Amino acid sequence: MGCASLPQFRTNQHGLKQIQWLHGNPRRFFGPDVAALVPLNLLAAAFTHSHSDAAMRILHGYTSFGLASGILGTIFLLRSQSKIIPTLSLTGLLIFNSYCLILNTWIAFHGMGIPHGRAFHILLAALLTLNFFAINRGALRPINEP
């Protein structure tokens, strides 16, 4: 019997897409991209009581990952900053991100029912947008620029 009796597997583009879907990208484990969290939080603010408790916990859990990336980004920017005004603004952003991360994680574990949930979702969307612009602005600055 030789190798002729073994099944032959062909790889094609469709098969590779199936493999990618099955195994996925490791980054996908952490949920949607941070940029997708802004419209998701705005939708949650618009339709506050239209989602289940499980969906709310998942959204707040993923938003906590987005806030954690904002905290890490501001820490890296603070380490490279030498001027006082950007340092103060980044420190304020870091403190606000940390406060919202703690509150958001508490909501993810304890569930719905906080007062002013709609305003908090709008605040999260604004904070994630601010993180995006602050970190991208700082990342585009040359390292040796004061």
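These figures come from a predicted structure and were not determined experimentally.
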Group every Ile, Leu, Val, Met, Phe, Trp and Tyr by side-chain heavy-atom contacts under 4.5 Å, then state whether [X] and [Y] land in the same group.
{"X": "Tyr99", "Y": "Leu78", "answer": "yes"}
{"X": "Leu128", "Y": "Ile102", "answer": "no"}
{"X": "Leu101", "Y": "Trp106", "answer": "yes"}
{"X": "Leu42", "Y": "Ile107", "answer": "yes"}
{"X": "Ile75", "Y": "Ile135", "answer": "yes"}

Passing candidate, side chain to side chain donor-acceptor pair (under 3.5 Å) with Asn131, options Thr74, Asn97, Asn136: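 That would be Asn97; it is the only one of Thr74, Asn97, Asn136 passing the side chain to side chain donor-acceptor pair (under 3.5 Å) with Asn131.
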Output field: ring centroids His121/His60 closer than 6.0 Å: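 Between His60 and His121, which both carry aromatic rings, the centre distance is below 6.0 Å.
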Exercise: do Asn104 and Ser64 side chains pair donor with acceptor under 3.5 Å: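 Yes, side-chain donor-acceptor contact under 3.5 Å.
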Derivation of the side-chain contact (heavy atoms from CB on, under 4.5 Å) call for Ile122 and Asn41: CA-CA 7 Å; Ile122 292 171; Asn41 274 293; over 6 Å; no
side-chain contact (heavy atoms from CB on, under 4.5 Å) between Phe96 and Leu123, intermediate numbers included: CA-CA 11 Å; Phe96 195 58; Leu123 176 76; 3.6 Å; yes
Heavy-atom closest contact (Gly61 atom, Ala108 atom, distance):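 Looking at all heavy atoms of both residues, the shortest contact is N-CB, 3.9 Å.
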Atom of Ala44, atom of Leu59 and distance for their closest heavy-atom approach: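 Ala44 and Leu59 have their closest heavy atoms at CB-CD2, 3.7 Å.
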Any chance you could measure [X], atom [atom1], to [Y], atom [atom2], to the nearest 0.5 Å?
{"X": "Leu77", "Y": "Thr91", "atom1": "CG", "atom2": "OG1", "value": "11.0 Å"}
{"X": "Leu124", "Y": "Leu37", "atom1": "CG", "atom2": "CG", "value": "9.5 Å"}
{"X": "Ile71", "Y": "Ile95", "atom1": "CD1", "atom2": "CD1", "value": "11.0 Å"}
{"X": "Ile58", "Y": "Leu40", "atom1": "CD1", "atom2": "CG", "value": "11.5 Å"}
{"X": "Ser89", "Y": "Leu94", "atom1": "OG", "atom2": "CG", "value": "11.5 Å"}

CA sep, side-chain torsions, deciding dist, call: Phe120, Leu103, side-chain contact (heavy atoms from CB on, under 4.5 Å): CA-CA 10 Å; Phe120 186 66; Leu103 183 59; 3.5 Å; yes
Identified side chain to side chain contact (heavy atoms under 4.5 Å, CB included) partner of Leu127 from the options Leu93, Val38, Thr63: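 Only one of Leu93, Val38, Thr63 forms a side chain to side chain contact (heavy atoms under 4.5 Å, CB included) with Leu127, namely Leu93.
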